[in-house]
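Accompanying notes for the structure given below.
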Amino acid sequence: MELKDATVLLVDDEPMLLDIFREWLEDENCHVLTAGDGAAALQILRNHHVDVLVSDVRMPVMDGILLVKNLTTYAGASQSNYLPKMIFITGFADLEPRDAYDLGVEAMVQKPVRHAELVGAIRRTLRSPEESWAESSV
Amino acid sequence: MESREPINILLVDDQPARLISYEAILSDLGENLIKARSANDALDCLLKHPIALVLVDVCMPDLDGFELTSMIRNHPRLQKTAVILVSGLLTEDVDRLRGYVSGAVDYVSVPIVPEILRAKVSVFTDLFLKTEALERLNEALSETTRKLASAYEASRLLAAIVESSDDAIIGQSLDGTIRSWNAGAERLYGYCAEEILGCNISRLTPPERSEENGGIVGKLHKGEGVDHVETVHACKDGTLLEVSLTISPIRSESGEIVGVSQMARDITERKRMEAEIEAKKEQLVTSARLSALGMMAGGIAHEVNNPLGIIQGSAENMLRMAESGSVQIPAILKNCNRIMGTAYRISRIVRSLRHIARDGSADQFRETPVREIVEDSLELCSERFRAHNIRLDVPAVDSQTVIACREVQICQVLLNLLQNAFDELVNSEGDRWVELDVTCRPPWVAISVRDSGQGIVPENRPHIMEPFFTTKPVGQGTGLGLSISRSIVLEHEGTLELDQSSPHTCFVMKLPLSGGT
């Protein structure tokens, strides 16, 4: 899937960062949704189809880990198997990569986030496995 | 002749006339004469009174003189009582012999020559008196001997105690001449008794401290002792020792001060330990501060990471714009404003860091608004509370509330209280909150930190301010936070107490409001 066709949900408690990330993704012509914490994100996910979820880990009300756990439990219960691709934005010692992998998270982007890294990570998760293999073999 | 109590002389005869004549003969002696009409009467009297001499008629009905004499001789209490037998009939040598054998000291024949009888009685009473005097002397002598022996024993024990003492015990005359020197002194100073006895005690004082002794000597002359004075003494080989001295006057029996006893204990090792403990304490205080710093580092890193992301993102935006060649002024302004605002945010965090990274205990007291202290402290820890979903309620603080303080230290106390509340709640479930409150009640301002935890169990309450007391798991708390906090608050003439009336854990720091406002 191309980035321009995707719907991305950005979750961060830092409004200015949300603003910047939104600018970056809108420059790529994709559809962007934003939420200030995990609970608000969950609400959006119930009503919208989201291809990629990009979430901060540490957030008030509901943090990124709890959001992902809720999401996977919900997906399992509804048997819809619908689950967006998940990317974590992590800061200092928030989460071990291994734990993120166990949660089903596909990529982790380190803070402070660079434009190329965020856009690149989203792009990679949108590719089918075959495309990824092709890229890595080049 | 010296006057004395008359002694008792017992006269025994069955014929009253004879008794009267004895009485007449002996009355001149001035002794106490007791008469008995029979041997039985005599025995009765002997058992009731102390009798020095008994004059006994040999021929008496029932018990005769011989039998009475041997009964007297055989009685243990009457050993010293002399018996003189008198007889008109039995005057042969055989009779006399029988009398001596029965225990009599003399045998007088009738007719009695008064002068002879008087002389004999007088000799025996004298003998009795002298014997008694001797006995008394002997008794006194053995009492003295006993006393001497026990005194000797006591002094030997004392000497042994002095000798075996680890402390140096030195006896001196009033001018400071050393008169006794125990093994402890020998070990401590290295001088043996032979070489130091007769020297002046000032030999132990290092030259540079010679003036210190003046005060001690003056006190001693007034009869006062000196208890546990710490000073420095020099050994024979010149090494300096830290000693604790106890000096007391030695008094004669009449109370006069005749000398001085000086006890010296080597406290070099103790001093070294004390210094070591002091150094360890300082290390612990530092490490307590550093551990607080470490615990906050995570929150701070997160707090700085977000603004950094904003700066980086905004800068990248402008860079991409420049690279693409389409520079839009409004977008540039937007990004620049973001960068400026965020840089200010970071500078505030960095500014607040000085409160925990620095000691601050030597800072000057400065008039500081309580609001600034609260804001700076929150800057450092609010992120941690937020990240762990612990609600932190903070009131609006009047900017006119000012205290004179070392800002760094009061921030540290407030951070410590907030840290404790955080540690208490971080692993608990349910609604978690921490409430900061600032109440102004002149002349005090009370800054309280209350948390939703279950409070401190009553048995721990008396100990929470003690150094090293902690309920946190091993490795998490040094147990120094509250005790250091309390000493800081005390230095500010305030109080730090647990509010026992609150159902939750609530610490209240009361500080005097600055008089200036």
Side-chain angles (χ1 to χ4, degrees), chain A residues 10-29 32 34 36-42 54-67 69-70 87-96 108-122, chain B residues 294-324 326 328 330-346 349 381-393 426 429 431-434:
Chain A
L10 294 169
V11 191
D12 202 308
D13 58 323
E14 180 64 64
M16 262 194 238
L17 272 179
L18 270 186
D19 224 27
I20 291 169
F21 296 159
R22 179 213 288 275
E23 284 169 18
W24 290 352
L25 294 178
E26 281 176 351
D27 281 353
E28 305 293 331
N29 295 314
V32 181
T34 56
D37 62 63
L42 214 53
V54 179
S55 175
D56 192 7
V57 176
R58 279 203 193 196
M59 286 179 297
V61 190
M62 186 191 290
D63 64 19
I65 297 168
L66 202 56
L67 166 64
K69 279 183 181 161
N70 274 325
I87 297 174
F88 267 166
I89 296 173
T90 60
F92 174 87
D94 284 338
L95 187 69
E96 293 296 319
M108 282 168 81
V109 179
Q110 289 292 323
K111 290 184 182 181
V113 180
R114 307 202 54 161
H115 174 270
E117 281 173 24
L118 181 67
V119 174
I122 296 171
Chain B
M295 284 189 253
M296 272 159 199
I300 293 159
H302 196 274
E303 190 75 340
V304 174
N305 250 342
N306 277 348
L308 265 185
I310 296 168
I311 291 173
Q312 168 144 339
S314 303
E316 267 198 294
N317 280 349
M318 292 191 285
L319 190 67
R320 287 188 305 127
M321 231 181 279
E323 281 168 354
S324 71
S326 76
Q328 291 161 334
I332 296 279
L333 283 175
K334 185 179 178 190
N335 283 301
C336 281
N337 281 332
R338 273 190 201 143
I339 290 173
M340 303 278 285
T342 312
Y344 173 70
R345 235 173 90 183
I346 294 176
I349 295 165
C381 66
S382 57
E383 168 57 26
R384 304 186 64 222
F385 284 91
R386 212 167 58 92
H388 287 86
N389 282 322
I390 298 170
R391 203 172 74 240
L392 182 54
D393 292 336
V426 70
E429 303 285 328
D431 183 25
R432 304 180 298 178
W433 50 261
V434 174

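Letters go in sequence order (proteins before strands), and every chain restarts at 1.
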- Item | Minimum side-chain heavy-atom gap H115(A)-L319(B) below 4.5 Å | no
- Task: Apply the test side-chain contact (heavy atoms from CB on, under 4.5 Å) to residues K334(B) and D19(A): give CA-CA distance (whole Å), side-chain angles for both, the deciding distance (0.1 Å), then the verdict.
- Result: CA-CA 11 Å; K334(B) 185 179 178 190; D19(A) 224 27; 3.7 Å; yes
- Task: May I ask you to check whether over 12 heavy atoms, not counting those of R114(A), lie within 6.0 Å of atom CZ?
- Result: no
- Item | Candidates L308(B), N306(B), I311(B), I310(B) - the one meeting side chain to side chain contact (heavy atoms under 4.5 Å, CB included) with P112(A) | L308(B)
- Are R320(B) and E23(A) close enough for a salt bridge, meaning some N to O gap below 4.0 Å? no
- Message: Once rounded to the nearest 0.5 Å, what's the spacing between atom CG of N305(B) and atom CZ of R58(A)?
- Response: 10.0 Å
- Looking only at non-hydrogen atoms, find the nearest pair between V113(A) and E316(B) and report the distance. O-OE1, 4.2 Å
- Part of S314(B) lying under 4.5 Å from any heavy atom of chain A: both
